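What you see is a predicted model; the values in this text were computed from it and never measured. These values consider heavy atoms only, across backbone and side chains, with no hydrogens, waters or symmetry-generated copies. Whatever order the structure lists them in is the order used to number ligands and atoms, beginning at 1.
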Amino acid sequence: MAAILSVQNLSKQYDGGFQALKNVNLEIDEGEILALLGPNGAGKTTLISIICGLVNASSGTAKVGGFDVVGDFRQARSLIGLVPQEIALEPFQTVIDALRFTRGLFGKRNDPALLQSILEKLSLWDKKDAKTMELSGGMKRRVLIAKALCHEPRVLFLDEPTAGVDVELRKEMWDVVRQLKQDGVTIILTTHYIEEAEAIADRVGVIRGGELLLVEEKERLMQRMGQRQLRVELMQPLDAIPEALSRYDLEYAADSQTLIYSYEANGERTGIASLFADLSKAGIVLRDIETKQSSLEDIFVGLVEDKA
Ligand SMILES: Nc1ncnc2c1ncn2[C@@H]1O[C@H](COP(=O)(O)OP(=O)(O)OP(=O)(O)O)[C@@H](O)[C@H]1O
């Protein structure tokens, strides 16, 4: 599949001297959903802002659909929809006027049928004549998405689309994003919510201190870095982990009388069988067992801490 977005050796030093991006390289295929994860101040918004032409890079290039975001700004920008972090709408403007106006800004002719289909997709058609100030927070966010789509972009940036949004609304937003992907839109979203990346992303990029630490398919990342945990609840509390079990590097959670054994999820030998045999030899009686796959959150926290 062809790359719709290509970022090469991109760096940004702000005027005060702060280095917000360090030599970022990134290729995004048409039709995929990439989630950019990173702590506050990691450089996510800076990266998006450079691609959208709102901030100048100090060095490096970014191309959208083959157009350079500086040299061919108009062509590149016309392929991009941007949903900003902050809700910024004209309070007295109606929803449909907001869309018509935005489409006009991109030099596109009014297209009532297209605007209707966008509003229908976002469940906003019945609100088309409402003033934006009359809408709920969730509806306002959907208007921002509608506005970003009304010049028919091929790449959509969503900067923290669900920040401060309740769980139900967040899931509704995920459905919208999935639907957009089905329509062929490439989506890059930034998020602090790891479960958001887990739920909807095809690939995950982790950014920290201006560096893109990795970009990888979500499934592969979880498989490659994922660990499983075996949690063994004991009948009797332990004073200490017996010497005979020292090779397993077990943790002991005294409050729940649980021994915790971590192993490679995709390793050939997990060591579980010999652990059970050695537990039995040591006279330790089990009450219950449970296994748990590490989540994207565990992986992310591990990655960000490793590089700290
Ligand atoms: N105009 C600016 N001038 C100087 N420094 C800036 C400017 N804009 C951003 N920064 C700094 O660059 C760093 C990266 O900011 P950026 O907004 O890109 O991070 P982010 O990953 O989007 O963070 P958040 O998750 O909090 O939105 C931060 O330390 C920020 O203070």
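- Within the 4.0 Å cut-off (strictly below), a protein heavy atom is located near atom 10 (N) of ligand 1.
- Annotation: G38 places no N or O atom under 3.5 Å from an N or O atom of ligand 1; distance criterion only.
- Remark: minimum distance from atom 25 (O) of ligand 1 to any protein heavy atom is reached at K44 NZ, 2.8 Å.
- Taking a cutoff of 4.0 Å between a charged side-chain nitrogen and a carboxylate oxygen, E32 and K181 do not qualify as a salt bridge.
- At least one protein heavy atom sits closer than 4.0 Å to atom 4 (C) of ligand 1.
- Around CG of D126, the count of heavy atoms belonging to other residues, nucleotides or ligands within 6.0 Å exceeds 12.
- Checked by atom type, the side-chain pair D159/T45 shows a donor-acceptor distance below 3.5 Å.
- A salt bridge links D278 with R247: the distance from a Lys NZ or Arg NE/NH1/NH2 to an Asp or Glu carboxylate oxygen falls below 4.0 Å.
- Among protein heavy atoms, the minimum distance from atom 13 (C) of ligand 1 is reached at F18 CE2, 3.4 Å.
- When only non-hydrogen protein atoms are considered, atom 18 (O) of ligand 1 lies nearest to T46 OG1, 2.6 Å.
- Counting protein heavy atoms only, atom 26 (O) of ligand 1 is closest to N40 ND2, 2.7 Å.
- A salt bridge does not link E90 with K131: none of the charged nitrogens is closer than 4.0 Å to a carboxylate oxygen.
- R203 and E217 are not joined by a salt bridge, as no carboxylate oxygen comes within less than 4.0 angstrom of a charged side-chain nitrogen.
- Within the structure, ligand 1 has E160 among the residues with a heavy atom less than 4.0 angstrom away.
- Scanning all protein heavy atoms for the shortest distance to atom 27 (O) of ligand 1 gives Q85 NE2, 3.5 Å.
- From the protein, the heavy atom lying nearest to atom 17 (O) of ligand 1 is T45 CB, 3.6 Å.
- Salt bridge absent: E134 and K127 never bring a charged side-chain N and a carboxylate O closer than 4.0 Å.
- Checked for salt-bridge contact, E30 and R154 meet the test: a charged N lies under 4.0 Å from a carboxylate O.
- Between G43 and ligand 1 there is a heavy-atom distance shorter than 4.0 Å.
- For atom 23 (O) of ligand 1, the closest non-hydrogen atom on the protein side is G41 N, 2.8 Å.
- Numbered from 1 in the order shown, with element, the atoms of ligand 1 that lie under 4.0 Å from a heavy atom of A20 read 12 (O).
- Cation-pi geometry between K12 and Y14 is met: under 6.0 angstrom from the ring centre, within 45 degrees of the axis.
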